[in-house]
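This report concerns only the one structure given below.
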Protein chains: 2
Amino acid sequence: MTTQTEATLLTVSQVAKIAHVTVRALHHYDQRGLLVPSERSAAGYRLYSDRDLERLQQILLLRQLDFSLEAIGPLIDATAYDRKQALEAQRELLLAQRGRTNAIIRGVDAALSALKGDSPMDKKKMFEGFEEMDASKYDVEAKEKWGETDAYKVSMRRTKAYSKDDWARIKAEEEAIQAGLAELLTSGVSAESDEAVDLAEQHRQHIDRWYYPCSPEMHVGLSDMYTADPRFEEHFEKRAKGLASYVQTAITANALQE
Amino acid sequence: MTTQTEATLLTVSQVAKIAHVTVRALHHYDQRGLLVPSERSAAGYRLYSDRDLERLQQILLLRQLDFSLEAIGPLIDATAYDRKQALEAQRELLLAQRGRTNAIIRGVDAALSALKGDSPMDKKKMFEGFEEMDASKYDVEAKEKWGETDAYKVSMRRTKAYSKDDWARIKAEEEAIQAGLAELLTSGVSAESDEAVDLAEQHRQHIDRWYYPCSPEMHVGLSDMYTADPRFEEHFEKRAKGLASYVQTAITANALQE
DNA sequence: GGTAGACCCTGACGTTACGTAAGGGTCAAG
DNA sequence: CTTGACCCTTACGTAACGTCAGGGTCTACC
């Protein structure tokens with residue numbers, strides 16, 4: 001076995017039951033790379049780890065908040081360096097959602113009152129709570145309270161609105177940056193060279209542009225995850241052996257130049 | 001103008017804005033007969049009345065509770081005789097939904113705690129709140145509290161699970177009953193004749209089977225709506241002049257035989 | 001009266017997130 | 001070995017719209 005030696009791995013139906021999703025949904029998430037099980041048995045069975053279940057919780061949570069599957073994957077990955085902040089931001093969105101349910105309940109109560117008194121109900125009030133999360137309003141509030149420093153919230157706001165074309169473009173940019181770094185690595189170019197550092201800076205700007213304001217410090221924090229988290233590491237190593245560490249070094253060197 | 005002479009009628013964009021839906025959604029609801037605007041202007045513009053907005057509130061509420069559009073129309077119509085009961089039942093489902101949001105929030109809080117202590121989180125707790133409304137559990141509770149007399153709740157439970165085939169069958173049965181009654185009316189057969197009363201009984205059993213336990217008394221209550229509510233009346237009159245009243249009389253006669 | 005912009009209509013293709021089904025392999029208990 | 005529950009991949013279909021196209025209507029302003 002691998003690093004999951006001590007853990008109990010679960011099959012799809014076990015996960016489906018625990019997580020209140022269908023086996024088909026899990027297949028779907030696997031097929032689109034959103035939640036790839038840690039292992040497969042010799043027979044090809046999907047085997048899910050505890051860590052997979054944590055990621056699934058994140059997925060279901062963001063799904064509950066009406067994020068598209070297209071957005072959920074990258075959102076989780078781009079902000080993996082600070083799980084606490086992510087959870088706190090998600091909590092706030094859930095509170096807002098609960099508020100909307102409360103508003104709908106109040107509308108029902110108003111309708112019940114109107115039934116008794118036979119007085120017409122205010123139209124605006126009838127439909128309170130049915131509005132979707134107002135991202136622009138949220139933005140204003142976030143700015144007033146926290147300035148522009150709450151990265152995860154900014155990130156959620158942005159990614160929710162991206163179209164499929166946006167995502168295609170985002171992915172192409174990421175691909176180009178990673179391919180460039182892999183090329184440098186295999187060519188024997190130092191991770192601290194101008195070329196590598198330049199690509200690292202491109203990477204930082206890419207995140208800054210598409211996800212959240214990304215300072216060099218934040219960038220470094222994210223790069224630490226690339227070697228610390230087996231999923232990221234595997235992602236990079238699949239492209240080129242040693243790439244995870246290489247990218248981390250390049251990003252660190254880039255930050256030192258600031 | 002019609003009976004809406006004193007009211008202000010709204011265009012699609014006005015309704016869309018108030019109700020937080022899209023114009024496209026309103027077109028869709030119109031196209032499938034779910035929410036047909038009271039009027040059309042000479043230019044063909046959809047014009048919505050206050051009563052239309054009330055119906056839209058019901059639609060959005062049931063949509064919020066994950067009922068299919070297929071189910072929403074018939075559900076609203078079959079239980080139109082008691083709007084109070086409908087609203088109260090819907091309120092309870094909303095409370096349950098809020099409870100599930102609360103459960104998810106608790107899961108997030110547990111995850112935050114787990115982050116600090118680095119102790120693994122209970123798997124069951126991770127996914128609390130993501131389950132769908134458990135109709136069978138709800139059924140048990142309804143029985144204990146109210147016996148089988150809470151018609152609307154029973155109705156909601158049943159209709160939520162019907163397939164498209166079920167709905168096709170339901171509609172075909174309704175169609176046959178109504179066509180039969182219309183035929184008797186146009187043939188000059190009394191609404192209190194055995195034939196008409198027999199069809200009225202078939203109607204009661206149809207509702208009893210597909211929607212909720214329907215006593216003769218309830219059936220009479222519903223039939224009162226057929227002449228009292230312009231939408232129902234129009235529906236019947238479109239088929240045969242005087243049919244709304246005819247059906248009501250047949251249903252009343254059927255109830256008197258019990 | 002003409003213009004322009006906002007709004008309206010119908011028709012139609014496309015999308016997202018699966019649901020359902022088919023056909024066949026795997027696992028574990030009896 | 002058999003059986004039933006579970007697993008796999010493949011593939012078609014669906015609900016509830018979203019988006020777009022092409023053209024008509026309404027109203028204010030010049």
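Note that the structure is predicted; figures quoted are calculated from it, not measured.
Taking for each of Asp30(A) and Glu70(B) the nucleotide of DNA chain D with the nearest heavy atom, the 5'-most of the two is the partner of Asp30(A). Taking for each of Ala42(B) and Arg63(B) the nucleotide of DNA chain D with the nearest heavy atom, the 5'-most of the two is the partner of Arg63(B). For the pair Tyr45(A) and Tyr29(A), nearest-nucleotide mapping onto DNA chain C gives the more 5' position to Tyr29(A).
OP1 or OP2 of dC8(C) sits under 4.0 Å from a side-chain N or O of Thr11(B). Between Arg46(B) and dC9(C) there is a side-chain N or O to OP1 or OP2 distance below 4.0 Å. The phosphate of dA21(C) (OP1 or OP2) has no side-chain N or O of Arg24(A) nearer than 4.0 angstrom.
Counting non-hydrogen atoms under 4.0 angstrom, Ser68(B) reaches the backbone sugars and phosphates but no base. Using a 4.0 Å heavy-atom cutoff across all strands shown, Ser41(B) reaches no nucleic acid atom at all. Across all strands shown, Val23(A) has no heavy atoms under 4.0 Å from either base or sugar-phosphate atoms.
A salt bridge does not link Glu128(A) with Lys123(A): none of the charged nitrogens is closer than 4.0 Å to a carboxylate oxygen.
Residue His27(A) contributes atom NE2, which lies 15 Å from atom P of dT20(C) at whole-angstrom precision. Between the CG atom of Leu35(A) and the P atom of dA17(C) there is a distance of 15 Å, rounded to whole Å. Here the C1' atom of nucleotide dA17(C) and the CZ atom of Phe67(A) are 17 Å apart, to the nearest Å. If you take CG of Leu26(B) and C1' of dC8(C), they are 13 Å apart, rounded to a whole angstrom. One atom, CG of Leu47(B), and another, P of dC8(C), lie 10 Å apart when rounded to the nearest Å. Put simply, NE2 on His28(A) is 19 Å from P on dA21(C), counting in whole angstrom units. What separates CG of Asp66(A) from P of dT16(C) is a distance of 15 Å, to the nearest Å. Distance CG (Leu34(A)) to P (dT16(C)): 14 Å, rounded to an integer number of Å.
Taken from CZ in Arg106(B) to CG in Leu94(A), the straight-line distance is 12.0 Å, to the nearest 0.5 Å.
Annotation for Lys241(B): atom NZ does not count as buried by contact number, only 12 or fewer foreign heavy atoms lying within 6.0 Å.
Between Glu173(B) and the choices His206(B), His203(B), Gln202(B), the side-chain hydrogen bond (donor to acceptor under 3.5 Å, both in side chains) rule is met once, by His206(B).
Ring-plane geometry between Trp167(B) and Tyr211(B) is classed as tilted, the angle between the planes lying from 30 to 60 degrees on a 0 to 90 degree scale.
Closest of all the heavy-atom pairs between Glu131(A) and Arg100(A) is O-CD, 3.1 Å.
A nucleotide of DNA chain D counts as in contact with chain B when one of its atoms lies under 4.0 Å from a heavy atom; the first and last such, 5' to 3', are dA15(D) to dC26(D).
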Can you list, pair by pair, the side-chain donor-acceptor contacts under 3.5 Å of residues 20-29 of chain B, counting residues two or more places apart and other chains?
| unit_1 | atom_1 | unit_2 | atom_2 | d |
| --- | --- | --- | --- | --- |
| Thr22(B) | OG1 | Ala25(B) | N | 3.0 |
| His27(B) | NE2 | Arg46(B) | NH1 | 3.3 |
| Tyr29(B) | OH | Arg63(B) | NH1 | 2.9 |

